[in-house]
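What follows is one structure encoded as structure tokens, with my remarks underneath.
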Amino acid sequence: MLRTLTGLIAGATLALAAHAEPVDGEVKKIDVGAGKVTLQHAEIKSLDMPAMKMAYRVSDPAWLKTLQVGDKVTFSADKVNGQFTVTAISVKK
């Protein structure tokens, strides 16, 4: 039963990530303690969100240690447990 539940949860997570569109942004603030990053970003059509500056939870807090204020990034975000969450992020080279 646990194995089935774990599989369903993993499948739902992948389905959410599959619908998230990559968006360009810039890191404005990093709050390791809160597990959040503030991003200035372009419109996120999949979330019906205009271009703005907003703090997001991150699905992997370890990412915050790899980012610096001013980094240009590409990221994906989705609504996870009712909160806007960065589900993938990479620094543009």
Which atom of Leu67 lies closest to which atom of Val91, heavy atoms considered
CD2-CG2, 3.7 Å
Please answer: with hydrophobic residues joined when any side-chain heavy atoms are less than 4.5 Å apart, are Ile89 and Leu47 in the same cluster?
yes
Ignoring hydrogens, what is the shortest heavy-atom contact between Thr85 and Ser59? Give both atom names and the distance.
CG2-N, 3.6 Å
Nearest-0.5 Å distance, NZ of residue Lys53 to NZ of residue Lys29:
9.0 Å
To the nearest 0.5 Å, what is the distance between CD1 (Ile44) and OH (Tyr56)?
3.5 Å
Donor-acceptor check, side chain of Asp78 to backbone of Val80, threshold 3.5 angstrom: yes or no?
no
Mind listing the closest non-hydrogen atom pair of Ala77 and Thr87 along with its distance?
N-OG1, 4.0 Å
Find out if a path of hydrophobic residues (ILVMFWY) with successive side-chain heavy-atom gaps under 4.5 Å connects Met54 to Phe75.
yes
Going through the checks in order, is the side chain to side chain contact (heavy atoms under 4.5 Å, CB included) test met by Val37 and Asp31?
CA-CA 6 Å; Val37 61; Asp31 187 340; over 6 Å; no
Quick one, Val27 and Thr38 - any side-chain contact, counting heavy atoms below 4.5 Å?
no
Grab the two heavy atoms, one from Val73 and one from Glu26, that are nearest each other, plus how far apart they are.
CG2-N, 4.4 Å
4.5 Å side-chain heavy-atom contact, Glu21 and Ser46
yes
Do His41 and Met49 have side-chain heavy atoms sitting under 4.5 Å apart?
yes
Rounded to the nearest 0.5 Å, how far apart are CD of Gln83 and CZ of Arg57?
4.5 Å
With a 4.0 Å cut-off on N to O distance, would you call Lys92 and Asp71 a salt bridge?
no
Any side-chain heavy-atom pair of Leu39 and Val86 under 4.5 Å:
yes
